[in-house]
Each structure stands twice: as structure tokens, then as C-alpha cells.
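Presented below is the structure to which this report refers.
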Amino acid sequence: MIHLAVETSTSVIDMALLDEDRLLCFVGVHKPGGASEILIHGLESLLTLSGLKADDIGLVSSSEGPGTYTSLRVGHLFCQGFSFSLGIPHRTISPFWILADQVHESLIRETDFLVVVLDARRGEVNARVLFPRDGGRSMEPLADQDGIFSGRAVDPALVLDHLPPGSGVVTGPGVAHLQRILPADSGQFSRIRFYSDLPRAETMGRIAWNREMSGPGISGSSGLLIYGRDSVIS
């Protein structure tokens, strides 16, 4: 099955075509707030590069957030409309799970936790803590009662102050906010490895395909968007 993946939760509009879980081609454009200008041209480019037609696509996925408000909404509506017009399933995937999947199994096998940090703008971050299970092949999210790792926008200093004990990996576009406030003598964080990364459409496509195979989605339906702020979270 040919699958279109559209990742718009950051300032990079990333689109990919996959055949089941195998990447065919992708395009990525850095244009903050420019999803509406990129998506149609991006899809046309993917179809030209792959030699496929729009009718060949049997599954579409988009980001459910948290992420950049306008681009996230535009990407979601674009995919929702595309899936409705073709009568194909639409899956939404959180960038938290995309970034967690992009951390190689061997990287987290010997660590106690993984923190995924997104850029919430306004100097804040969205963060989630995941605990590796089965040698890193699966992840269990932290049940966070304080709300620091609930995915809502928080001060990055709170994330640093409340990291779990043990060794860990911190990844995602919000890492820059944490590194900016690390103390000059950051020996207390020597057990933490920081990696700046962006969620990629290719990874989203593979996750969406695996979920579709484990439970077929409803044609033309998708999940709610999560913007990451109390005033607009849905």
C-alpha cells in the first residue's frame, strides 16, 4: 500500500511517500508558518518523483501535535480532506512517538529513561518521559501528576529540575532550550545525553503503517489535535 505522511508540527514541512514501511521519496522545506504554501506543491513533487498518481495512495498520516499552531492545523486539515476525497484511512501520530522511534534501540538500551522535548515557543517546551521496556523495543510513558511531563507547555528549567534518576537520553527540537540554561558546571547532568532532532515524515509513515496493520483505521477519520497549551489544547 502506498502511504503519504505529512509532518507539520515544526517549522520544517516534511512530506514522504512510502510503500508500506519502505521509503520511496521525501521532501522537506524550512518555512515557518508556510504549510499552506508548501503542501500541494510538495505532494505534486512526491508524485512526480515516484511516478505515482494521487489515486495510488491508500493511507495518509499527519501530526496530532503538540506543535506549531497554524502549520499543525493546516497539515491536519490537508490530510483530512485528502483522505475524505479518496475514501482512505487517516492516521494521526504524535511527534513524541516519532522522536522516540528515531532514537536507535542501541542508544537507549542501557539508559533508564528517554525524555522527548518539543519547542513550544515563547521560551517554553512540551516534554514527555518514556521508560524503555524490552531492551528498548517498547516505551512506557510516565504517569505525570504534576503536569511537567504531560505534554503541555512548561518552563524548560522545570524539565531539568525534575528529570528522573539514573542515566537518560533527551531528544527533540526543544533540546536547545534546555542546553541554553544548563549551568556552567553541568556535572550533575553528565549522565544525560542530549540530541537535537526533528520529527521526520518517514518515521511517522512507518509508525502509521504498523498501527494500520495492527488495527485498520476508519476511512476519513482522525484524532484530535493537541496544541500543547491549556488555552488551545483539544
### Message
Val12 vs Val29, test: side chain to side chain contact (heavy atoms under 4.5 Å, CB included). Steps then yes/no.
### Response
CA-CA 5 Å; Val12 175; Val29 179; over 6 Å; no
Taking the side chain as everything from C-beta on, heavy atoms only, tell me whether [X] gets closer than 4.5 Å to [Y].
X      : Y      : value
Asp101 : Arg206 : no
Phe149 : Val115 : yes
Leu47  : Asp56  : no
Ile207 : Ile98  : yes
His76  : Leu72  : no
Val170 : Leu178 : yes
Leu99  : Pro173 : yes
Ile57  : Leu43  : yes

### Task
Please report the C-alpha distance between Met1 and Trp209 in whole Å, then the side-chain angles of each, then the deciding distance to 0.1 Å, and finally whether the side chain to side chain contact (heavy atoms under 4.5 Å, CB included) criterion is met.
CA-CA 9 Å; Met1 180 190 291; Trp209 170 253; 3.6 Å; yes
### Message
Hydrogens and angles aside, do Ser63 and Glu7 bring a side-chain donor and acceptor to less than 3.5 Å of each other?
### Response
yes
#### Entry: His90 versus Ser62, closest heavy-atom pair with distance
NE2-OG, 2.8 Å
### Query
Between Val125 and Gly174, what is the shortest heavy-atom contact and its length?
CG1-O, 3.9 Å
Give a yes or no answer on whether the side chain of [X] reaches the backbone of [Y] with a donor-acceptor pair at less than 3.5 Å.
X      : Y      : result
Asp14  : Ala201 : yes
Thr171 : Tyr195 : yes
Gln102 : Arg200 : yes
Asp112 : Ser167 : yes
Arg128 : Gly151 : no
Ser94  : Phe96  : yes
Ser214 : Arg211 : yes

Straight-line distance of [X] [atom1] to [Y] [atom2], nearest 0.5 Å:
X      : Y      : atom1 : atom2 : value
Thr8   : Ile38  : OG1   : CD1   : 12.0 Å
Ile88  : Asp55  : CD1   : CG    : 9.5 Å
Asp161 : Asp155 : CG    : CG    : 8.5 Å

### Task
Give the intermediate values and the outcome of side chain to side chain contact (heavy atoms under 4.5 Å, CB included) for residues His177 and Asp119.
CA-CA 8 Å; His177 290 294; Asp119 185 355; 2.9 Å; yes
### Query
Less than 4.0 Å between a side-chain N and a carboxylate O, is that true for Glu212 and Arg91?
yes
### Audit row: Leu114, Met139, side chain to side chain contact (heavy atoms under 4.5 Å, CB included) steps and yes/no
CA-CA 9 Å; Leu114 167 67; Met139 292 283 178; 3.7 Å; yes
### Task
With salt bridge (Lys or Arg N to Asp or Glu O under 4.0 Å) as the test, would you mind laying out the steps for Glu37 and Lys31 before giving the verdict?
CA-CA 9 Å; Glu37 304 171 36; Lys31 188 171 178 60; 3.7 Å; yes
